[in-house]
Amino acid sequence: MATFVDRFPFEAKVVRVAFALSFLFLGLGGIGGMIQVLHRTGYLRFVEEITGGTYYTVLTSHGVFLVVFFTIFFLVGVFTWAITKDLDRELGNPGLTKYWITSMTVGALLTSIAILAGFTNELPALGEVSADVLFTFYSPMGAHVLFYLGLALFVTGSWVAGFDWFKTWWGWKKDNPDKRIPLMTFMVLTTMLMWYLGTLGVAVEVVFFLIPWSLGLVSEVNPLLTRTLFWFFGHMVVYFWLMPAYMMWYKIMPKLAGGRLFSDPLARVVFVLFLILSVPVGIHHQYLDPGIPEGFKFVAMTNTMFLLLPSLLTAFTVVASVEHGARQRGGKGYFGWLRALPWGRPAFSGMALAGIMFAAGGFSGMINAGMNINYLVHNSFWVPGHFHLTVGTAVALTFMAATYWLLPQLTGKPLAGVKAAAVQPYLWFIGMTFMSNAMHRGGLLGIPRRTSEPQYEQFDYEPVFGSVAELDFQIVIGGALLVASLALFFYSIILTWFGSKVSADGGEGEVIDDEIPPALSGPENAPRVLDNLKLWVGIAILLIVLAYALPFADIASDGIYEGSEYIPVMIEVLT
Ligand code: HAS
Ligand code: CU
């Protein structure tokens, strides 16, 4: 059968453009990460010069480039591939597709300009272009309007992308009225519905508060309100990064392991649970916020504990599928089957190592989620430890691994630089083990996150848990391995992308093999109600109202805009 690029040249090009943008931001964000590591540990003299505002410019670029642009550009690429392949159908409206990819690109560019301009002004005056607001961009920290406008174009672009995929599915449904929604399509659609609901929070925050505020139309905004609107979106977004990785774990990893997905119905249950539970938990990022009564925080905690379920189900289903694959390859014994897995194949090893890391990241997430234990770790170095395992490994390493498998289908060229690619996931895994372990431990010692003057060695922490110098050393070793891993990734990807159609290393490269075998227990075993998207959206909205109506009413009763001149000014501007 013809490869993806031959059957769907336009869609393959869209995916390639999205991936190219994603990797551009991966590279830029990676540079920011390297500077972070050297600065915080004080290992390289020249970066010790970074102080104050510049530190936050570096940190903001590291955060926004990686968790917003790298992840979401990859998502729109891989979802475009998934819908096209799953439904065996073109997107069908190139104008619409070009619109969203352009809107997202221009948006990312504007936001990046606003952030990078921060290097020209150490302590920016009002009105100067800068955006040292970190990836959690709520007030009272403010950015130039360009930053918010860029994000608005980026997010609305992603909404239109979702519409494009829905339209493709509606077209398919007309031709196949009695068929179940194919699994990857189901995953794309439920993820986008979750995204539409959750982005409402950030859209309201940006349009009604941050933009008018950055333009000087309103002199004050209620910080607790903008924080709460941000976190309405801010937990959901972590699953928006994670769902494409889960899609690859469910659909591709079992195949790479030599087997088949264990259960299609369980996979559907998991995505439904994410749709209904991802938003009404956001307040678990605000356990320490004064002004939100403890009872509302307790509701968020309870919902968060339920939200562990889909990930625990995933651990079960995916590991069972991988074990099935290993046994097909002759694996034996309780754990001996692990040896039968294709550990030398980077598409597999990357996803498997990402999954193993996610088990650890999930446990630190459970600790974060406990209201009482959170007081110990909140705003400490522990939290970056947690998210370098989750988004920084479960998501990022899976995306890199998936690229090794997808790029040949998108270019028609076998993977090149296979030896570099085979080593790359291991370097990432070991590097992240060192770095995030030291971050978690540092947090327990009381080292805060996001500080520009990290001279912690002056504090005498030694008796508790090893020394700060030892932790710094682990962070530098870990960071160096991550940089090396990124270099190998880019080497293999660039060689493939710009290589010839014949394998650069004489046929050693991975063959293009894009068949996905059906699940052991297929969609026919899934109750039809699982495909009732309207029902799940209804339940999701109900849970959101229950979790958020009272907190918002409570916060808004303190005044939405402390300066009430907003409305007359807006009227003046509009007329
Ligand atoms: Fe989190 C803070 C709670 C998951 C990202 N999180 C953050 C921040 C980020 C982030 C970026 O409750 C910082 C935000 C900021 O800047 O302030 N998180 C959780 C919980 C989960 C969780 C309960 N987080 C994620 C994911 C993220 C992410 C996923 C990104 C992608 N997180 C919190 C809390 C905070 C927080 C609090 C606030 C902390 C504070 O005080 O500021 C859960 O979803 C985790 C569930 C996961 C599991 C693991 C299941 C294991 C699996 C592995 C299967 C194995 C395989 C291998 C596939 C239960 C699925 C197979 C291979 C073989 C060889 C067999
Ligand atoms: Cu969260």
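Each ligand, and each atom within it, is numbered from 1 in the order the structure gives. The basis for the numbers below is simple: all heavy atoms, side chains too, and nothing from hydrogens, waters or symmetry mates.
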Are any of the N or O atoms of [X] closer than 3.5 Å to those of ligand 1?
X: Trp249; value: no
X: His378; value: yes
X: Arg449; value: yes
X: Ala369; value: yes

Residue and atom name of the nearest protein heavy atom (relative to [atom]), distance in Å to one decimal:
atom: atom 61 (C) of ligand 1; answer: Val319 CG2, 3.9 Å
atom: atom 34 (C) of ligand 1; answer: Asn368 CB, 3.2 Å
atom: atom 19 (C) of ligand 1; answer: Gly365 CA, 3.7 Å
atom: atom 28 (C) of ligand 1; answer: Thr390 OG1, 3.3 Å
atom: atom 45 (C) of ligand 1; answer: Gly362 CA, 3.7 Å
atom: atom 43 (C) of ligand 1; answer: Tyr239 OH, 3.6 Å
atom: atom 13 (C) of ligand 1; answer: Phe387 CD2, 3.4 Å

Ring centers of [X], [Y] separated by less than 6.0 Å:
X: Phe70; Y: Phe25; value: no
X: Tyr287; Y: Tyr375; value: no
X: Tyr548; Y: Phe232; value: yes
X: Phe262; Y: Phe316; value: yes
X: Phe209; Y: Tyr138; value: no
X: Phe271; Y: Phe186; value: no
X: Tyr148; Y: His144; value: no

4.5 Å side-chain heavy-atom contact, [X] and [Y]:
X: Phe74; Y: Thr403; answer: yes
X: Trp337; Y: Lys332; answer: no
X: Phe358; Y: Ser311; answer: yes
X: Asn437; Y: Gln474; answer: yes

Note to self: Do Arg40 and Phe381 form a cation-pi contact, if we require the NZ or CZ to be under 6.0 Å from the six-membered ring centre and within 45 degrees of the ring's axis?
What the structure shows: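 That pair qualifies as a cation-pi contact.
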Less than 4.0 Å is my threshold; does some heavy atom of [X] fall inside it relative to ligand 1?
X: Trp231; result: yes
X: Phe363; result: no
X: Phe230; result: no

Enumerated ligand 1 atoms positioned under 4.0 Å from heavy atoms of [X]:
X: Val318; result: 58 (C)
X: Asn374; result: 39 (C), 40 (C), 41 (O)
X: Val395; result: 31 (C)
X: Phe135; result: 16 (O)

Considering only heavy atoms, does [X] approach ligand 1 within less than 4.0 Å through its side chain, its backbone, both, or neither?
X: Tyr375; answer: neither
X: Phe358; answer: both
X: Val383; answer: side chain

Notebook entry, point to check: Counting heavy atoms only, which of Arg450, Met357, Met243, His285 is nearest atom 2 (C) of ligand 1?
Noted result: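 Shortest heavy-atom distance from atom 2 (C) of ligand 1: His285.
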Next item on the list: Going by heavy-atom distance to atom 53 (C) of ligand 1, choose the closest among Ala326, Gly355, Ala394.
Entry: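 It is Gly355 whose heavy atom sits nearest to atom 53 (C) of ligand 1.
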Next item on the list: Please name the atom of His386, restricted to N, O or S, that is closest to atom 1 (Fe) of ligand 1.
Entry: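 For His386, the N, O or S atom at the smallest distance from atom 1 (Fe) of ligand 1 is NE2.
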Note to self: side chain to side chain contact (heavy atoms under 4.5 Å, CB included), that's the test. Do Met243 and Met187 meet it? Break it down for me.
What the structure shows: CA-CA 8 Å; Met243 290 306 101; Met187 292 169 163; over 6 Å; no
Check: Short check: any N/O/S atom of His235 below 2.8 Å from atom 1 (Fe) of ligand 1?
Finding: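 Coordinating: no.
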Next item on the list: Measure across Ser61 and Val58 and return the closest heavy-atom pair with its distance rounded to 0.1 Å.
Entry: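 Distance-wise, the nearest heavy atoms are OG-O, 2.8 Å.
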Check: Measuring from Thr314:OG1 to Tyr250:OH, what's the distance to the nearest 0.5 Å?
Finding: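 Here the rounded value is 3.0 Å.
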Item checked: Closest approach to the Cu ion (ligand 2) by His235, given as the N, O or S atom name ->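 Looking at His235, the N, O or S atom with the least distance to the Cu ion (ligand 2) is ND1.
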